[in-house]
Amino acid sequence: MSRLPSQALDHEAPGLGWWREARFGMFIHWGLYAVCAGTWKGRTVPGIGEWIMAQFKIPLADYRTLARSFNPEAFDADAVVRLAKQAGMKYLVITAKHHEGFAMWDSKVSDYNIVKATPYGRDPMIPLAEACRRHGIRLCFYYSQALDWEHPDGMGNDWDFDPSKKNFQRYLDEKVKPQLTELLTGYGPVGLIWFDTPVGITREQSLEVKNLVKSIQPDCLVSGRIGHGIGDYGSLGDNQIPAGRLHGDWETPATINDTWGYKAGDRTWKSSDDLIRLLVDLAGKGVNYLLNIGPDADGRVPEESCRRLEDIGVWMQQNGSAIYGTDANPYPYEFAWGRMTRKNDRLNLILYRRDNPRISLRGLKTRVLGASLPAVGQALAARQDYDERSGMHDVTVTLPDTLPGELKAPFVVELNLEGPPEVDETCLQQPDHRVLLPAHMASLNVSPESARRNVAVSTNDLFAAVAGEAANEARGDHMRIGAGGLVENWHSERDSLAWSFKLCDAGTFDVTLYTVAAKYKNWVGGHRVRIRIGDWHATAEITPDEVVNDPRAHLFAERGTRIGICRLERPGACDAELSAEHINPADPAGLCISALSLTPVDGEAG
Ligand code: H79
């Protein structure tokens, strides 16, 4: 069973239907930081560009002069919306006000806005709203409700303003609420307000802000980062890819390179293929993908972003039916061959490669009525078996000898079922003989001593606020399964993990344990673990034997450690246990587990 947290809602948000159907949206980060393009007085900001003011503690009096040279004459609202539409995106979220505090619309609340303070002198949200209406894209606004480096009472700016003199409520009343009122009354229907980084905001204050939104536009959604678990849907961490299916409504905001706001030197462009895989990966886990572009100070969208969005659009044209309006993979785990989504009585198998003449699926109990390649309307032969001795269900679909020319990986194989899919939710040995035991499917054995060290996480902790928007988790400082599906915060040698799984064929396996670093931190390792699988056991030191090269590991460094060779003689129910003999105190993340994998040694298994 999957133990990934679910987004606990105290209500069913009205108007969430379009958002669930959409699955894919465009994020736009645009503000004064685009003028710096990542550099201030010859110094380039490490990391994300829109944080330059805070990173260099630029005095407000200096930062605000950027407005004088902000003249984005090349901004073409219609072209931006067409770019989103062509990419297959269904909603668009633009930074009305980011942490810097600068309003990107004609705000009467403060002159610190694009109309009053720049030579441009126009409100880009007007043509943007019109273009969204014209092209059928939902217009949404990002609004930083807690961090505001311009207002003396906003959170975050402690270089111009004395934190001890701040009255945060005054900032909410003087700036946040009147500005949100403008955004919700001046531009027609707003799909959602994307709140972010709820540092230093109380539950009551988050509720006040949410209630204000609903009082003006009852159907306008609020993002999970409003704080305190009261959003209409959950927000994963920036660029976070969970390890398995999530329950409830989730979204991951993500970048095409590494920055959100335009940063001239950031050349870390993900490939179109990687971006398509990320979209597929998230859809398979029931997560919306909100993919960012950062226009420059002229208002131009970087060429690299445009090209990648066009590539995604071509793929979506052909394969969108496996993404839009779908639910997560009914299996709690992911597959080596690709991902799966579900729509009613249909399963969409999205294959990353065509490296086998057949695709086999274990554990599907529902009868398969037919299989096809929907993109080319070609039926495929499918066989379904049930082995009474092992209790194992098997489906095998035969792929054509060569894929039709217009089909490019990842490609979709559709399975039409007699009813809603019913699947075996235990970890199963896969048809390629591999066994993957993901951390989120483990049962945790937290010792009473560890469990007692439960602490409240302060809402002033920036990382807790962003990475832990899954704020509804009971957070303690003991071992737990985080929103991303990792076993994290393992600091006690008394704690352990266990999995049960089904083995179909006896064999000899390479056992590898995958461990992860804290976000943005280096991988440390150096722990000693003990692993038992059936009667076999081994101890090992966590060393970086294999570098995981997966987009998911981009911000969360992941390494595989070879544990040993294990022989499993008896097919059937098996179990595995992982315990810690020594946890390296030098690792800030503690022991953080992604998965245990058993790979058949060549020529042995089966
Ligand atoms: O809008 C984007 C980011 O600016 C915003 N969320 C996405 C959607 C965001 N707000 N807070 N954070 C991200 C956390 C920021 C962490 C960091 Fe830093 C900023 C890491 C490096 C720069 C703060 C400053 C922590 C270390 C240095």
Side-chain angles (χ1 to χ4, degrees), residues 25-34 36-40 43-58 91-102 104 140-150 154-159 192-201 222-227 231 233-241 250-263 266 268 282 287-295 457-471 483 517-522 554-557 588:
M26 173 180 273
F27 217 165
I28 304 179
H29 274 68
W30 200 33
L32 291 181
Y33 38 81
C36 311
T39 303
W40 181 261
R43 275 200 302 162
T44 295
V45 69
I48 51 187
E50 71 284 359
W51 271 74
I52 194 165
M53 181 178 177
Q55 289 284 68
F56 292 155
K57 298 194 184 301
I58 302 171
Y91 59 116
L92 179 156
V93 186
I94 183 164
T95 48
K97 189 204 82 173
H98 201 262
H99 309 332
E100 64 178 4
F102 187 75
M104 289 292 285
C140 310
F141 293 119
Y142 172 107
Y143 190 91
S144 176
Q145 80 280 24
L147 290 174
D148 188 304
W149 303 326
E150 185 254 351
M155 290 288 160
N157 185 341
D158 57 6
W159 55 97
L192 62 88
I193 304 280
W194 216 94
F195 294 106
D196 195 8
T197 321
V199 280
I201 188 166
V222 297
S223 72
R225 297 193 195 179
I226 182 78
Y233 64 85
S235 182
L236 286 158
D238 295 350
N239 284 301
Q240 189 175 27
I241 316 292
W250 293 90
E251 176 184 66
T252 288
T255 52
I256 298 187
N257 48 0
D258 283 343
T259 189
W260 302 85
Y262 180 71
K263 180 176 166 186
D266 186 337
T268 56
L282 288 168
V287 181
N288 277 18
Y289 190 35
L290 185 62
L291 185 58
N292 181 70
I293 58 168
V457 170
S458 157
T459 55
N460 283 311
D461 176 342
L462 190 65
F463 281 102
V466 175
E469 304 79 6
K519 192 173 189 182
Y520 303 120
K521 299 270 165 54
N522 292 326
H554 182 56
L555 294 174
F556 301 82

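Along the sequence shown, residues carry numbers from 1. All heavy atoms count here, side chains included; hydrogens, waters and symmetry mates do not. Remember, it's 1-based here, ligands and their atoms both numbered in the order they're listed.
Using a 30° and 60° split on the angle between ring planes, Y143 and F195 fall in the perpendicular class, above 60°. Ring pair W260/F27 is perpendicular by interplanar angle, where above 60° counts as perpendicular and below 30° as parallel. Relative ring orientation between H98 and Y142 is described as parallel, the plane-to-plane angle staying below 30° on a 0-90° scale split at 30° and 60°.
Residue Q55 has no N or O atom closer than 3.5 Å to an N or O atom of ligand 1. Below 3.5 Å of separation, one finds no N or O of W194 facing any N or O of ligand 1. By the 3.5 Å distance cut-off applied to N or O atoms, D238 is counted among the residues near ligand 1.
Those atoms of ligand 1 that come under 4.0 Å of a heavy atom in E50, given as number and element, are 2 (C), 3 (C), 4 (O). For ligand 1, the atoms lying closer than 4.0 Å to a non-hydrogen atom of H29 are 1 (O), 2 (C). In summary, the atoms of ligand 1 found under 4.0 Å from a heavy atom of T197, numbered by their order in the structure, are 9 (C), 10 (N), 11 (N). Close contacts between ligand 1 and R225 involve ligand atoms 6 (N) [criterion: under 4.0 Å to a heavy atom].
Residue contacts with ligand 1 for D196 involve side-chain atoms from C-beta outward but no N, CA, C or O (heavy atoms, distance under 4.0 Å).
Put simply, the residue from E100, H99, K97 that forms a side-chain hydrogen bond (donor to acceptor under 3.5 Å, both in side chains) with S144 is H99.
By the side-chain contact (heavy atoms from CB on, under 4.5 Å) test, F556 is found to be paired with Q240, V516, K519, residues two or more places apart in sequence or in another chain being considered. With sequence neighbours excluded, the residues that form a side-chain contact (heavy atoms from CB on, under 4.5 Å) with D258 are D266, T268, K270, H554.
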